[in-house]
Amino acid sequence: MSTDTQSRHALSQHLKRLEAESIGIIREVAAEFRNPVMLYSIGKDSGVMLHLAIKAFYPSKPPFPLLHIDTGWKFRDMIRHRDWVAQRYGVKLLVYTNPEGVARGINPITSGSQLHTQVMKTEALKQALDKWEFDAAFGGARRDEEKSRAKERIFSFRSAGHVWDPRNQRPELWNLYNTRIAKGETIRVFPLSNWTELDIWQYTRAEEIPVVPLYFAAPRPVVERNGLLVMRDDDRMPLEPGEAEQVRMVRFRSLGCYPLSAAIESQATSLDEIIEEMLIARTSERSGRLIDSDEAASMEKKKREGYF
Amino acid sequence: MTAYAHDQVAVSSGGRGGPEKGLLRFLTCGSVDDGKSTLIGRLLYDTKLILEDQLAALERDSRKHGTTGEDIDFALLVDGLEAEREQGITIDVAYRFFSTPRRAFIVADTPGHEQYTRNMATGASNSHAAVILIDARKGVLTQTRRHSYICSLLGIRHVVLAVNKIDLVDFSGERFHHIVGDYLGFAQALSFSAITPIPVSARYGDNVTIRSERMRWYEGPTLIEHLEDLDATEGLEGKPFRFPVQWVNRPNLDFRGFSGTVASGVVRPGDRVVVAASGRDTKVARIVTADGDLPEARAGDAVTLTLADEVDVARGDMIAEPQARPEVVDQFAAQVLWMIEEPMLPGRSYLMRIGTKYVPARVTSLKHKTDVNTLEHMAAKTLGLNEIGLCNLSTATPVAFDPYAENRETGAFVLIDRFTNATAGAGMITFGLRRATNIHRQALLVDKAARTRLNGHGPAVLWFTGLSGSGKSTIANIVERELHAHGAHTYMLDGDNVRHGLNRDLGFTDADRVENIRRVGEVARLFVDAGAIVLCSFISPFRAERRMVRELVSEGEFIEIHVDTPLEICKQRDPKGLYARALEGKIKNFTGIDSPYEAPESAEVVVHTGEGSAEDAAQRIIEALKERHIIG
Ligand SMILES: Nc1nc2c(ncn2[C@@H]2O[C@H](COP(=O)(O)OP(=O)(O)OP(=O)(O)O)[C@@H](O)[C@H]2O)c(=O)[nH]1
Ligand SMILES: [Mg+2]
């Protein structure tokens, strides 16, 4: 697995504060909820969140399982990484795929990104939460990612049916989180709310947290589509007329379903280089996410419907 | 217009935390449309935090929703909810991050509308400093005062008075000084330690990150310079050691640790500590973390402590320094900000969250509420949405705290509605009313168990609830007759009778209804203690109060009987002619007419008098008491 070859960096005061705040949030959930779960999406944020959970309960193990919502279209490297991580940390991993979506043949290529996301991510997530009766679910979302996320509480209440009502959020004063819910209601918890993308990478480097190799630049087969570079991870993604696969030196800033995640051209092969590159980047990490620009205010809409 | 180039940002030392000053958390607040969101947007833009794709989106958005004509509407960078963009207002707090080479910031952009005051308080509770905006054309408004007062109550000591839209008053120094004078006059009475006035134009950037060429009369710092220099540390490390236990860490029989975050002070292995509530003392053995044991832990550190002795410690306890202990009391005074539509009612039971502990709590009296305009105290019976008042509270068990003014980490609490679970109130403790440890209850030689043995039956509260005219008293009377025939000791408390004596001073407002039931509950408890079966017939329309009485007695002693007669039948019966008068508007607050009845969700017994006779209903209740072995 790819870890930084450099020696461990000491944590800055700033990262220490962020770490402590997140650990406090994670412990709070374990103490107050009957049946919590940690959403694990395999990306860099999930990596940090899992690492924090391990630290939070040491010498005990985290008293909750991981849950991966598998759309069936993740990069193969991601799935390998996921299974390896679960084993390495000795945590229980649950994997869930929406069976109805599979039966209906929903996919990101012919169904469109919107329907695919709706059925294979949002619906799947709600089904999984209901199936195992989880009352609290951790997500790795950060407030700096997107403007509707900047509005969300750390303990974010969901009424029965997993609906988020952004106009009527519970006030959240000090660190006195209101963890009370009635049957059928749930809480989404965001321990990384106050982290930025830069914090995530610097912490990953300092703590030597393993990440999916796709974050590092390497020669990879890509096609150019609508001005974005898409990697063909398997042959389920047909080439359109006039398209040709070419090998380029690329990496990913954000990972999701492979046909929906655009690569960037890059020479960054280490965490140091990733961080350096980030500092001069002039576009945001989500610009490579094909699902976000589907429509204005799309993230808020998806979140109201139950998306993380 | 760019003050800081992105590649200048100091990151080698670890991100937003620049080398000079620690992270600053601040909020923007003030009245509607004063330009709070625009100012934050401007700060993000000028510090180069807006990337190309975001800028392109902002330009698109500005054309669609913007309030600034052809120009970019910076407020759209922070007003992230659809409803906010459509209406051009802020509804909920947004948290944004930005940094300069000298400092990292977390800013909470809060809404100006009075309706969303609770969201402003949310943003203020974690801030060290406040930027209070004033529209230069409008001057100091009610919301300016309200937000200032809330900032002051929540312990914010550093305030920037940003007199905004100065471009719209011709960059007038005179206007600026006039507003500043006004504000300082008002703010004198608040507990701010520093107020720094700065004339700005959020829209055009004057004195935000760039010194304005158009206000040569102003010689002070720009907003960003001032925020970079501000020293707003709370000095938590210098305060006595406080450690609210969050989670008991017990991986195996050989390890028992207490996980939590140090609220204040410093602790080292070998230090003597006490468990605040029990007074048990011991020593810290180790400070355990995943990175190895630590030689010390400071305020803000999330660690796991192990103790030298096997003492009883659980989540909700506070571990503290023995020479400077927190107060441990079950009654204290606090400023309370009310945050839900339904008013705060003295006497009603709420759930209090303080530190890592949940405890049932009641407001025993509302001393006064504060007029945010004049800061004058006014007599009041309840607190409505967004109102602030000084209350006395009592908790079911003693809690450990420090006054909020001394320690923001251990002096704050929230109140939660026990039925909706809504976060209903935010409180800041001013002082303890008496030491719980000093009031010992009179120890009794003959106790409830002894009386029960002699009586030959168990004690109970039979609580009849239902609409006026539903048949509560009729059925209760028959039940009492039957119980008496069984040789049981009984007593009847009836709504009408109690209101003639004990509760003569109470009316029928919501607040008085709550107090009525509270007193009846306490009397019922005394009878239960005496070993009697006490029958109570009260409309008792609110779940919260019935639950309060239930909690006064032991498990199994409270038998809730819902006399479930449809409103239509009660109206027809109308034995006292009350419905007729209520319908004519001659009686106010009549349950079922213009005051709600909250039906029980899980009463022990439900009787439908529309279907059977009162005798049948009484028989069912007697059966229920036999099943529960209250009578033989
Ligand atoms: N001319 C001028 N207009 C300004 C200035 N600052 C803000 N505005 C305008 O004032 C209007 C309201 O600005 P907002 O930033 O939305 O105000 P707000 O205080 O955040 O409002 P709420 O959050 O809803 O209370 C917008 O049309 C802004 O463009 C300024 O310095 N000069
Ligand atoms: Mg605003």
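To find a chain, count down the sequence lines: A is the first, B the second, and so on, and within it residues start at 1.
Both the backbone and the side chain of A/R27 come within less than 4.5 Å of a heavy atom of chain B. Neither the backbone nor the side chain of B/R60 comes within contact range of chain A; no heavy atoms are under 4.5 Å apart. Contacts between B/V78 and chain A at a heavy-atom distance below 4.5 Å involve the backbone alone (N, CA, C, O). Looking at B/R25, the atoms closer than 4.5 Å to chain A (heavy atoms on both sides) all sit in the side chain, from C-beta outward.
For the pair B/F413 and A/W174, the tightest heavy-atom approach, listed with the atom from each and the gap, is O-CZ3, 3.6 Å. Of all heavy-atom pairs spanning A/K151 and B/G80, the tightest one is CE-N, 3.6 Å. Nearest heavy-atom pair, B/F97 versus A/T196, reported as atom, atom and distance to 0.1 Å: CD1-CG2, 3.8 Å. Between A/L176 and B/V414, the shortest heavy-atom contact is CD1-N, 4.0 Å. B/A302 approaches A/I23 most closely through the heavy-atom pair CB-CG2, 3.8 Å. Contact record, A/R17 with B/G300: NH1-O, 3.6 Å, taken as the closest heavy-atom pair.
The CG atom of B/L23 lies 8.0 Å from the CG atom of A/L18; values are rounded to the nearest 0.5 Å. With rounding to the nearest 0.5 angstrom, the NE2 atom of A/H14 is 8.5 Å from the OG atom of B/S99. Distance check: A/L173 CG to B/R353 CZ gives 12.5 Å after rounding to the nearest 0.5 Å. Atoms CG and CD, on B/L81 and A/Q169 in that order, are 7.5 Å from each other to the nearest 0.5 Å. The structure places CD1 of B/I106 at 10.0 Å from OG of A/S193, a figure rounded to the nearest 0.5 Å.
Side-chain atoms of A/R170 never come within 3.5 Å of backbone atoms of B/A422 as a donor-acceptor pair (strictly under, hydrogens ignored). In this structure, B/N249 contributes its side chain and A/F57 its backbone to a donor-acceptor pair below 3.5 Å. In this structure a side-chain-to-backbone donor-acceptor pair under 3.5 Å is missing from B/R96 to A/D144. One N or O on the side chain of B/Q246 and one on the backbone of A/G24 form a donor-acceptor pair closer than 3.5 Å. Distance alone, capped at 3.5 Å, places no donor-acceptor pair between the B/Y95 side chain and the A/E152 backbone.
Among B/I416, B/T289, B/T304, B/I91, the residue making the largest number of heavy-atom pairs under 4.5 Å with chain A is B/I416. Interface remark: of the candidates B/W247, B/F255, B/Y116, B/W247 forms the most heavy-atom pairs closer than 4.5 Å to chain A. If you tally non-hydrogen atom pairs under 4.5 Å between each of A/K16, A/E185, A/E32 and chain B, the highest count goes to A/E32. Looking only at heavy-atom pairs under 4.5 Å with chain A, the residue among B/T261, B/I354, B/D92, B/I340 that has the most is B/D92. In terms of heavy-atom pairs under 4.5 Å with chain B, the best-connected choice from A/A31, A/P59, A/A20 is A/P59. Contact count versus chain A (heavy atoms, under 4.5 Å) is highest, among B/L76, B/L55, B/V303, B/D109, for B/V303.
Side-chain contact check for B/N421 versus A/F157: every heavy-atom pair is 4.5 Å or farther apart.
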Test side chain to side chain contact (heavy atoms under 4.5 Å, CB included) on B/E84 and A/K147 and set out the steps. CA-CA 12 Å; B/E84 296 179 323; A/K147 58 189 180 307; over 6 Å; no
Would A/E172 and B/T423 count as a side chain to side chain contact (heavy atoms under 4.5 Å, CB included) if you check the C-alpha gap in whole Å, the side-chain angles of each, and the deciding distance to 0.1 Å? CA-CA 8 Å; A/E172 189 168 82; B/T423 309; over 6 Å; no
In sequence, state the C-alpha distance, the side-chain angles, and the governing distance for A/E19 and B/D301, and then conclude on side chain to side chain contact (heavy atoms under 4.5 Å, CB included). CA-CA 9 Å; A/E19 179 187 67; B/D301 291 348; over 6 Å; no
Step by step, would you call B/V288 with A/Y58 a side chain to side chain contact (heavy atoms under 4.5 Å, CB included)? CA-CA 8 Å; B/V288 178; A/Y58 177 87; 3.9 Å; yes
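Remark: of the listed residues A/K301, A/R304, A/R167, A/R304 is the sole one forming a salt bridge (Lys or Arg N to Asp or Glu O under 4.0 Å) with B/E82.
The 12-atom threshold is exceeded at CG of B/N252, counting heavy atoms of other residues, nucleotides or ligands nearer than 6.0 Å.
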